[in-house]
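We count residues from 1, following the sequence as given. Whatever order the structure lists ligands and atoms in, that order sets their numbers, starting from 1.
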Amino acid sequence: MDKYLSPESTAAIAGGVLTHFIFNRFEPHRPLIWLFLFFVPPFAVAYGLHLPYTSVPLLALKHLTALTLSVVLYRISPLHPLAHIPGPISLKISNFAIAYHSVRGKRNVYMEKLHRRYGKIVRMGSDQISFADAEAAKILMGNKGLPRAVGYATAETLDTPGSIMTSYAAFYPNPTKVHAERRARWALAFTSKAIRETDQFLLPRIASLMTKIGEQKGPIDLGRWFGYFTFDFMGDLFFDGGFDMLNDQDADGLWKIIEDFAPAIASLFYLPWLTPILLALPGAKDAPVQKFFDFSIKCVDKRLAKGNKIQDVTYYIAGQHIEDEDKPKPPRNVIDSDVQTGIVGGSDTTASALSNTVFCLLMNEDKLKKLRKEIDGIYHGEGVDLNDSARLAELPYLNACINETLRVFPPVQTRISRGVPRGYGGVHVGGVYLPENTSMDFPPRVIHRDPEYFSPYPDSWIPERWLANADSTFDQPFVHNLEGFMPFSVGPANCVGRNLAMREMRLVLAQLVYKYDVKPEQPDLKVFEKEWLDGLEDHQILLKGPLKVILTPRSAASN
Ligand code: HEM
């Protein structure tokens with residue numbers, strides 16, 4: 001006992017608790033300050049108590065143990081400001097646990113389980129909660145809501161400060177203003193007229209996709225082809241072309257790079273302090289994310305060299321539309337980070353939605369037939385060109401299939417995030433108090449499958465629930481509350497590419513279903529389903545296993 005209560009032990013333990021207090025109160029972010037706080041106190045104790053310096057390692061061990069224990073006990077204690085939010089102890093102790101689930105890619109399934117157990121609000125980290133409540137989401141992401149969580153600092157490197165995503169994050173002094181400026185430029189690129197004009201790239205890309213998939217011999221991974229298509233289209237949209245994955249099938253291995261960095265980026269979101277440390281390590285320059293940055297910087301170089309004659313998305317986000325010489329234009333690093341956000345955010349999401357829609361149709365042959373009947377009907381009955389986006393937008397069953405996929409398998413599965421900024425003073429919502437520095441995820445997948453918003457069979461893919469008079473087709477009380485549908489998020493920072501994505505998906509699905517008979521390579525649907533669901537990995541980017549299908553061109557007779 002004496003040993004533990006010796007003056008040096010008492011001083012080391014007090015130092016550990018004091019260090020915890022300093023971390024908690026001032027949140028120092030610089031690794032040098034941490035090193036100072038970890039290792040200087042043991043030296044100070046040795047010096048103050050006239051102990052030999054050989055005692056420092058043991059003192060350091062006691063200091064760090066006391067610090068760790070103090071942190072852990074505080075985080076699970078009733079004194080913690082998030083103590084009123086239920087959740088498993090393993091998650092309360094540290095953000096490492098949720099970061100681990102993010103690396104594994106099963107955060108979606110895990111969060112779903114936790115919400116079923118604990119309710120709409122779950123503590124999932126020392127300063128993190130998951131909030132599966134549509135009303136709260138609407139308030140907290142609305143016009144007077146909160147900015148994005150500090151986790152977006154992960155994307156802040158010297159090369160990429162402040163994309164449209166990160167500019168709206170809680171660590172900026174005035175995120176609302178900074179984001180509104182960025183968003184205004186982006187919005188110009190996504191007006192209805194601008195979207196219509198993208199048909200000049202979109203339609204040839206879809207034609208190429210349809211031809212290429214038809215040319216392949218044997219079963220194909222259709223999800224991969226959707227990825228090539230959406231990526232090429234983003235190249236057209238941002239860089240006046242130049243990506244050619246449909247032709248070279250990703251000879252540069254760019255999809256692989258994105259798949260490689262997704263788990264790391266997803267988990268670092270919960271540990272933003274770790275990013276600068278990792279970036280300082282030797283070899284960081286070879287990290288997959290750095291390769292992606294290098295690639296996109298070269299693309300921006302080439303695009304900017306072409307000047308302001310091309311009115312693509314980069315034209316607006318680079319401020320090439322600003323004629324007044326005196327008005328400031330976005331700096332190059334902002335253009336780079338905006339472009340990076342756009343090409344990943346616009347390609348992976350749409351490819352995921354397309355792949356999941358095809359998967360669901362393959363699992364439900366009757367619904368695939370129904371969709372085909374609708375498409376054949378307008379093509380043969382009305383002579384509608386299947387490039388006519390406006391007409392496709394009116395098709396009830398096509399839209400029902402897409403919406404139902406976005407509901408059951410939203411491409412952004414569990415993390416639309418917001419944070420209460422430091423110094424903001426905390427917020428009250430739906431009877432819950434969220435102190436400052438709280439980060440929260442709104443998980444679309446969990447909200448969309450809540451029977452309070454969609455019922456009956458909220459986990460099942462039933463496009464009929466989106467049709468007029470749907471209530472009469474169900475044998476149980478019918479709920480269809482669009483407040484609980486947010487695949488593109490809500491509020492001033494919702495998805496700017498929503499209408500374009502819907503246009504892409506309608507065109508691709510209509511033409512695919514019209515032109516090809518699609519069957520899963522795996523004849524046993526139970527196995528096919530299991531393999532597909534097991535292969536879905538939620539790393540914010542939704543990674544997918546192969547969607548192996550056999551395509552047969554529909555003969556003129558069967559059309
Ligand atoms: C099915 C396809 C898509 C889905 C499900 C989707 C979903 C989302 C979600 C959930 C957000 C986060 C919003 C928030 O934090 O509140 C977002 C933001 C964003 N998306 Fe999409 N997206 C899709 C396609 C696209 C496309 C095609 C583009 C265009 C290139 C795009 C560009 C963006 C941008 C720039 C933001 C940031 C908006 C802002 O901060 O103001 N997305 N998207």
Just jot down the ligand 1 atoms closer than 4.0 angstrom to any heavy atom of [X], in number order.
{"X": "Arg418", "result": "14 (C), 15 (O), 16 (O)"}
{"X": "Trp186", "result": "35 (C)"}
{"X": "His179", "result": "39 (C), 40 (O), 41 (O)"}
{"X": "Phe190", "result": "29 (C), 30 (C)"}
{"X": "Pro487", "result": "5 (C), 7 (C), 10 (C)"}

Next on the checklist: I need the full list of ring pair (Phe, Tyr, Trp, His ring centres under 6.0 Å) pairs touching residues 301-322, with sequence neighbours left out, sorted by first then second residue.
Outcome noted: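 Those involving residues 301-322 are Tyr316-His321.
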Nearest non-hydrogen protein atom to atom 36 (C) of ligand 1, with distance, is Met165 CE, 4.0 Å
*Quick one: name the protein N/O/S atoms under 2.8 Å from atom 21 (Fe) of ligand 1, chain by chain.*
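Listed by chain and number: Cys495 SG.
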Hey, is ligand 1 close enough to [X] that some N/O pair sits below 3.5 Å?
{"X": "Thr341", "result": "no"}
{"X": "Arg148", "result": "yes"}
{"X": "Arg183", "result": "yes"}
{"X": "Ala493", "result": "yes"}
{"X": "Tyr152", "result": "no"}

CZ/Phe190: more than 12 non-hydrogen atoms of other groups inside 6.0 Å =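 Enclosed: over 12 neighbouring heavy atoms sit under 6.0 Å from CZ of Phe190.
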Does Arg449 qualify as a cation-pi partner of Phe409, given the criterion of NZ or CZ under 6.0 Å from the six-membered ring centre and within 45 degrees of its axis? yes
Looking at Phe454, is Arg465 sitting on its ring face, NZ or CZ under 6.0 Å from the six-membered ring centre and within 45 degrees of the normal?
no
Establish, from distance only, whether the side-chain atoms of Asp538 and Tyr110 form a donor-acceptor pair under 3.5 Å.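 The answer is no; no qualifying pair exists.
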Notebook entry, point to check: Which class fits the ring pair Phe528 and Phe359: parallel under 30°, tilted 30 to 60°, perpendicular over 60°?
Noted result: tilted
Validation row, ring centre Phe243 to ring centre Phe238 under 6.0 Å | no
For residues 489-511, the salt bridge (charged side-chain N to carboxylate O under 4.0 Å, His left out) pairs (sequence neighbours left out) are Asp199-Arg503
With heavy atoms only and a cut-off of under 4.0 Å, state how [X] meets ligand 1: side chain, backbone, both or neither.
{"X": "Tyr168", "result": "neither"}
{"X": "Met234", "result": "side chain"}
{"X": "Asp338", "result": "neither"}

Apply the test side-chain contact (heavy atoms from CB on, under 4.5 Å) to residues Ile343 and Phe239: give CA-CA distance (whole Å), side-chain angles for both, the deciding distance (0.1 Å), then the verdict. CA-CA 10 Å; Ile343 52 182; Phe239 305 125; 4.2 Å; yes
Tell me which donor-acceptor pairs under 3.5 Å the side chains of residues 136-146 have, and how far apart each pair is, sequence neighbours excluded?
residue : atom : partner : partner atom : Å
Lys138  : NZ   : Glu483  : OE1          : 3.2
Lys138  : NZ   : Glu483  : OE2          : 3.3

Assess whether a salt bridge exists between [X] and [Y], defined as any Lys/Arg side-chain N lying under 4.0 Å from an Asp/Glu carboxylate O.
{"X": "Lys370", "Y": "Glu374", "answer": "no"}
{"X": "Lys327", "Y": "Glu181", "answer": "no"}
{"X": "Glu452", "Y": "Lys120", "answer": "yes"}

